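Below you'll find the structure, written out as structure tokens, and then a few comments.
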Amino acid sequence: MAQATEKATGTTASWDGEGRVKVVGILCNWCSYAGADGAGTARLRQPFDFRIVRVPCTGRIDPLHILKAFEKGADGVLVSGCHPGDCHYAEGNYYARRKLELLERMLPQLGFEPERFKYTWVSASEAQRWQQVVTEFIKGVEKLGPREGRAL
Amino acid sequence: MRIGVFVCHCGTNIAATVDSEGIAARAGELKGVVHTEDIIYTCSEPGQQAIQQAIREKNLDRVVVAACSPHMHEVTFRRTVEGAGLNPYLFEMANIREHCSWIHADKPEGSEKAYDLIKMAVAKVRDLEPLYANEVEVNKDVLVIGGGVAGIQTALDLAEAGLKVTVVEKETTIGGTMAQLDKTFPTIDCSACILTPRMVDCAQHENIEIMAYSEVDRVQGYVGNFTVDIRKKASMVDWDKCIGCELCQQKCPAKAPDAFNEGIATTKAIYIPFPQAVPKRAAIQVDYCRWFQEGKCRVCERVCPADAIDYEQQDEYMQKEFGAIVVATGQDVFPWEEYYHEYGSGRIPDVISGLQYERMLNASGPTHGHVVRPSTMGQKDVEPEEPKTVVFIQCIGSRDESVGRPYCSNVCCMYTAKQAILTKDHVGMETEVYVFYIDIRAFGKGYEEFVKRAQTEFGVKYVRGRVSKLYEERGKVKVRGMDTLLGKQVEIDADLVVLASGITAADGASELAQRLNISYDQYGFFKESHPKLRPLETNTAGIFLAGACQAPKDIPTTVAQASGTAAKVLGLLAKDKLKTSPMIARVDQSRCVSCWKCIEVCPFGAPEKEELRDGSYKSHIIETVCQGCGICVATCPVNCIDLKGFGTQSVLDQIEEVLLT
Amino acid sequence: MAGVAYYPGCSLRHSAIEFDRSTRIVLESLGIDYEVVKDWTCCGASPAHMTNHLLAQALATRNLRQAAKIGEELLAPCPACYQREKNAEVEVHADADFRAEVNEIMDEPYTGEVRVWSLPEFLKEKVGLATLAKLPTTDLSQLKVVPYYGCLLARPTELTGECDTEQPMIMDQLLAAAGADVVWWNYKTECCGASVGVPNKIIQQRLSEKILSQAEEAGADAIVAACPLCHQNLDMRQHQLNDAMGTSHHMPVLYLTQVIGLGLGFTVKEMMLDKHLIDPTPVVERAIAKAAEVRAEAERKAQEAAEKARKKAERKKQEAKAKNVEERE
Amino acid sequence: MIRYNPEQAREYREKLIEEVQADVAECYQCGNCSAGCPANFTFDYPPNQLMRMLQVGLVDELLHSKSVQNCIQCLTCSARCPRTIDVAGIIEDLKTIAAARGIAVPEHVETFNHAFLKNIARFGQLNEALLLVRFNLESGQPFNDAGLGMPMLTRGKLDPIPRRAAGAGEVRRIYDKAMEKARWQA
């Protein structure tokens with residue numbers, strides 16, 4: 001089974017490497033996750049510093065998940081779900097919006113730059129939009145660089 | 001805990017940018033992992049056998065496959081592990097293809113990220129527990145939304161197989177766009193001759209109920225058990241009494257625009273769209289009815305032999321239960337007048353759309369099949385004039401980003417060729433017929449031959465180029481175009497210009513999609529679950545697609561798809577019970593404080609108040625009703641609800657694991 | 001409203017003097033206070049931007065700089081000037097580096113944020129159609145006009161503020177508000193060949209001829225333009241064109257502000273209709289006279305109707321009386 | 001027989017995307033630009049062929065074409081392009097390149113533009129009478145538009161006595177600097 005292992009195990013590409021930021025994405029299974037799949041199938045290049053957690057619906061997301069991510073050292077968190085009105089479960093994304101609106105307003109109080117958190121809507125057919133959203137968000141986080149003092 | 005990790009190469013799809021072998025080896029260091037292996041094609045038979053073998057030999061109790069998207073093969077591998085005697089829900093996928101190898105170029109980076117994704121999957125799989133599917137009774141009735149050729153075909157196939165089918169059609173008759181057509185390509189056989197018998201079959205079939213002039217207002221429930229609110233719009237005519245004699249239409253004094261004839265003729269305020277309508281029942285367009293507008297008239301009431309007229313009629317609301325839903329709502333013609341102002345915005349009478357021309361060609365149309373210049377139609381002491389020069393322009397609202405329609409409409413090239421031939425046939429071979437085209441798309445069976453016939457046998461002149469402007473001059477329509485093959489501008493004095501208007505999503509398609517919770521693309525066409533593997537299903541179990549509501553389609557493709565969809569529905573409803581996903585919410589009643597927030601937020605009514613032995617009430621999830629969205633989980637103030645398969649701990653552990661340094 | 005800077009541009013000094021005058025008169029009578037840009041210079045027109053982008057933008061920006069000394073808004077009645085100035089506004093304001101590059105070759109830098117208005121847009125936004133519609137004192141309802149936008153007032157929409165390049169409406173609306181009878185036609189935005197009127201006559205003649213014949217086809221008394229170059233080609237060069245093309249057009253071409261002015265009650269003289277080579281005076285006077293007749297006719301009809309009604313009522317009364325008498329007897 | 005020039009094609013595609021935000025690769029040759037072009041009858045290549053030439057890199061032929069010279073910048077092509085390509089913008093850019101390279105094409109447009117710019121560089125504001133005279137001399141057609149002179153004079157539409165506007169000096173300097181820069185870039 002082909003490739004040699006040394007190259008990959010080399011730490012050059014480590015997520016903690018110089019100038020890296022750690023961004024976690026929490027995506028709805030029905031729209032944005034599929035949108036990201038589409039972006040992959042279309043070979044749309046995307047930033048490396050991004051890891052995706054799949055959930056059945058943005059309505060399942062508890063703001064604590066996001067705070068936890070920051071606590072554990074994330075430099076940015078991106079939440080993406082179905083466009084308002086298009087929720088696979090009818091209204092999940094509306095509940096998500098209410099909670100995340102509040103979180104968005106709260107984070108600056110806790111000393112987070114607004115650019116470190118974003119929630120948005122990307123449908124399953126919006127591969128290109130997904131590429132654009134994730135690229136821009138991570139650019140924003142990279143501008144700020146890693147968060148000082150990992151803990152909350 | 002004994003976890004097995006299997007890393008796929010997917011040929012070079014993954015291996016080109018991810019060192020599958022290397023990260024497989026590294027995965028061995030992860031807590032609980034006792035077996036790792038990299039496989040060239042994990043989804044192949046040897047690949048799946050390798051997994052099963054490892055499960056048996058290393059008696060693994062958890063499995064992670066790092067390969068493509070779970071949307072691609074989660075089901076496949078669940079079956080694989082189940083085949084080896086492991087609970088299918090003790091399995092997790094790491095998406096290292098769509099979300100990694102295909103979006104990165106640098107191999108060290110790709111490998112590193114892939115490894116992180118595996119770490120997350122492993123973290124999640126540790127938290128998983130065996131789950132067991134429930135079974136629900138299945139309602140075997142089927143709802144078909146839309147009574148065009150797609151809906152008709154699906155309904156007949158299902159009814160023949162013995163299922164009860166309800167067809168909901170928003171117009172007063174079924175038949176859809178095909179009923180408006182004169183002939184069909186590439187055979188030039190008469191559209192009505194093919195369609196109307198099928199319409200009648202529908203009407204007479206014991207298993208089919210047609211609900212014309214009705215709309216779907218609301219859809220609740222889930223696969224096998226949908227509850228649908230249907231509204232029958234007030235036609236102001238008692239359809240149980242109406243015998244479709246057309247007397248009212250003949251006597252009605254109020255003119256009204258004729259939608260069925262695409263506005264090139266007028267009908268009456270009370271009307272039956274066309275002679276072969278099914279059901280053949282009259283309806284009043286109140287906006288044009290004198291009684292409703294001016295408070296006098298009531299002629300129809302007087303002449304109706306069945307005394308079916310009912311000016312007080314109201315919309316009727318009803319609720320029905322179905323096991324599956326087929327969406328076959330079709331398409332609309334691109335409204336070129338609103339976009340192509342350089343073509344006169346519809347102010348030039350002799351510039352018409354393809355479908356308008358189709359009505360003119362149709363023997364049951366306003367001109368009884370005679371081709372005439374609209375500018376000479378329906379005027380006193382003006383003899384309707386036959387056009388001597390007819391110009392067709394293709395790609396109107398297709399392949400045109402400037403009007404937000406970059407896609408190809410799929411049918412225009414062929415219907416233009418057909419109409420060009422019919423023009424020669426109806427008006428005479430001496431008529432000059434020009435077709436301005438960008439590219440000819442004749443992809444179907446017998447299509448290319450058909451276009452060739454138009455060019456050779458019928459001498460239709462195809463001009464490769466587009467038309468920049470249409471304007472009237474001395475009673476002609478000036479066509480200012482380009483012949484790109486000659487590299488010269490051309491100007492043609494036309495008597496009639498037919499615009500091959502493309503296909504656009506049906507009006508209100510996105511609203512319907514939202515009512516059904518199915519997804520749609522940016523143009524309003526409904527999205528199939530997978531373009532190649534699940535082209536007839538939507539992302540919502542139990543809801544299927546047929547015809548042009550999914551993408552522009554011609555009749556052969558539509559009918560083929562409609563029958564395919566029928567087969568899919570039969571497959572689903574062949575079972576008496578359906579397995580439901582066990583990945584649903586669960587309440588820890590010992591911690592429930594009976595605040596009932598879960599009941600408030602659940603879109604499906606899954607949580608209920610359950611009386612315990614001590615007489616207290618606690619929340620309880622009705623397993624067959626819960627759809628596993630997890631809204632209640634995120635809402636519960638004391639976190640006493642969790643979501644099986646997507647547990648709170650598993651989400652947190654994935655985050656923690658991947659951020660761990 | 002703070003004074004708006006007024007940029008006449010080269011043509012309006014002489015060849016299009018009537019456009020300049022009529023515009024000023026209309027602005028004044030609408031109570032808009034404006035001030036002519038001090039030491040304004042040529043916007044560069046098409047020769048500049050066909051030759052050198054930086055040159056074009058710098059020449060235009062210089063005028064923005066001069067306008068900034070008056071206020072935040074610049075009105076350029078000549079669409080050619082308008083587009084050059086607008087073009088500079090958009091690029092210079094959006095791109096700081098480019099602004100620097102431009103400033104580098106000007107004597108003094110431009111630091112302002114001047115918004116450039118086209119004449120139709122300015123009238124619609126600042127005066128308003130509803131207000132304008134209330135003002136006319138002269139009845140132009142019998143004057144059939146076709147609005148001719150040409151290229152510069154229609155394209156590109158990003159600059160012109162029009163919603164559509166094929167069917168712009170602002171001039172239609174303004175003319176309707178001024179009381180004229182606006183006729184729909186197919187040639188609102190077809191080019192007249194303006195930019196090559198001098199060097200490449202054959203293009204200009206072919207294009208202008210089409211426009212004239214289309215206007216006749218539409219049954220218009222006159223074409224209404226808002227551009228000195230279009231006017232030059234359609235009016236001043238109409239004889240020239242007739243000779244060259246062997247046609248016999250006689251189609252007056254009015255300026256937008258001339259029509260509005262006439263509606264507002266200014267005289268043919270004040271609107272300088274005599275400056276045109278194809279004299280529009282007869283057409284205009286005929287239309288105004290006809291309008292008077294039409295009104296008179298209408299009044300007569302109304303009176304007759306009233307008379308009839310009165311008589312009828314009279315008769316009714318009589319009959320009623322008679323009836324009563326009978327009954328008593 | 002022609003030879004495609006991929007390097008030039010690449011170079012100009014990028015240049016035009018950068019400067020005009022128009023991508024010639026998007027052109028699918030429907031010919032709408034040519035169909036509507038009012039000046040096409042004076043062109044040696046219709047606009048859609050210009051786009052094609054850019055796609056395959058025949059740039060020099062293009063810069064020497066009458067088409068680029070004679071385009072009247074009416075923007076009809078850009079307005080009606082189904083792929084929303086700014087065709088006119090592309091041609092304008094080519095015009096400036098041709099001008100900077102001093103490419104002489106046997107058409108009077110260039111002469112006129114030159115005369116025009118000289119005129120404003122001298123007077124600050126255009127003097128139409130002088131422009132006409134100068135252009136006629138340079139283009140060797142002394143009686144061009146002679147017929148217009150009288151009627152315009154009598155209507156006070158011509159200004160026989162040229163006056164220098166206050167800003168003339170600066171216009172001259174702007175002109176020199178800009179043209180210098182362009183020459184230097186070309």
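Labels below follow one simple rule: chain letters A, B, ... track the order of the sequence lines, proteins then strands, and each chain is numbered from 1. On a predicted model such as this, the values are computed, not experimentally measured, just so you know.
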Checklist outcome for this item: Under 4.5 Å to a heavy atom of chain C? For D:Phe41 that would be side chain

Checklist entry - By a 4.5 Å heavy-atom criterion (distance strictly below it), what part of C:Gln66 contacts chain D: side chain, backbone, both, or neither? => result neither

Next on the checklist: Show, in sequence, the C-alpha distance, side-chain angles and deciding distance for D:Glu128 and C:Ser11, and conclude whether the side chain to side chain contact (heavy atoms under 4.5 Å, CB included) test is met.
Outcome noted: CA-CA 8 Å; D:Glu128 288 149 315; C:Ser11 308; 4.1 Å; yes

Next on the checklist: Quick one about C:Asn242 and C:Ser248 (side-chain donor to acceptor, distance below 3.5 Å, no hydrogens or angles considered), yes or no?
Outcome noted: no

Checklist entry - Below 4.5 Å, heavy atoms only, C-beta onward: do C:Thr189 and C:Glu166 meet side chain to side chain? => result yes

Next on the checklist: I'd like to know which of C:Val102, C:Leu152, C:Thr41 tops the heavy-atom pair count under 4.5 Å against chain D.
Outcome noted: C:Thr41

Next on the checklist: Between D:Ser78 and chain C, with a heavy-atom cut-off of 4.5 Å, which part of the residue counts as in contact: side chain, backbone, both or neither?
Outcome noted: neither

Checklist entry - Is C:Arg24 atom CZ crowded by more than 12 heavy atoms from other residues, nucleotides or ligands, each under 6.0 Å away? => result yes

Checklist entry - Are the charged groups of D:Arg80 and C:Glu190 less than 4.0 angstrom apart, N to O? => result yes

Checklist outcome for this item: Whatever's closer than 4.5 Å to a heavy atom in chain C on D:Pro38 counts as both

Checklist outcome for this item: Comparing C:Asp39, C:Leu59, C:Asn52 against chain D, the one with the most heavy-atom pairs below 4.5 Å turns out to be C:Asn52

Checklist entry - Using 30° and 60° as the class limits, which term best fits the ring planes of C:Tyr110 and C:His93: parallel, tilted or perpendicular? => result parallel

Checklist entry - Relative to chain C, which segment of D:Tyr175 carries a heavy atom at a distance below 4.5 Å: side chain, backbone, both, or neither? => result both

Item to check | Choice from D:Gly124, D:Ala88, D:Gly169, D:Gly36 maximising heavy atom contacts with chain C below 4.5 Å | outcome: D:Gly124

Checklist entry - Where does D:Leu126 contact chain C at under 4.5 Å (heavy atoms): side chain, backbone, both or neither? => result both

Next on the checklist: So D:Ile90 and D:Ile85, do their side chains get closer than 4.5 Å, heavy atoms only?
Outcome noted: yes

Checklist entry - Is it the backbone or the side chain of C:Leu55 that comes under 4.5 Å from a heavy atom of chain D, or both, or neither? => result both

Item to check | Residue among C:Ala56, C:Cys43, C:Ser15, C:Cys42 with most heavy-atom pairs under 4.5 Å to chain D | outcome: C:Ser15

Checklist entry - Side chains of D:Val68 and D:Ile103: does their closest heavy-atom pair fall under 4.5 Å? => result no

Checklist entry - Looking at C:Leu54, C:Asp274, C:Thr51, which makes the most heavy-atom pairs under 4.5 Å with chain D? => result C:Thr51

Checklist entry - Taking the inter-plane angle between the rings of C:His231 and C:His276 on a 0 to 90° scale, is it parallel (under 30°), tilted (30 to 60°) or perpendicular (over 60°)? => result perpendicular

Checklist entry - Between C:Arg13, C:Met236, C:His14, which has the largest tally of heavy atom pairs under 4.5 Å with chain D? => result C:His14

Checklist entry - Would you say the side-chain atoms of D:Asn5 and D:Tyr12 include a donor-acceptor pair closer than 3.5 Å? => result no

Checklist outcome for this item: Looking only at D:Glu170, D:Lys95, D:Lys177, the option with the highest number of non-hydrogen pairs under 4.5 Å against chain C is D:Glu170

Checklist entry - Does any heavy atom of chain D fall under 4.5 Å from the side chain of C:Arg62, the backbone, both, or neither of them? => result side chain

Checklist entry - With only heavy atoms counted, which part of C:Ile202 is less than 4.5 Å from chain D, the side chain, the backbone, both or neither? => result both

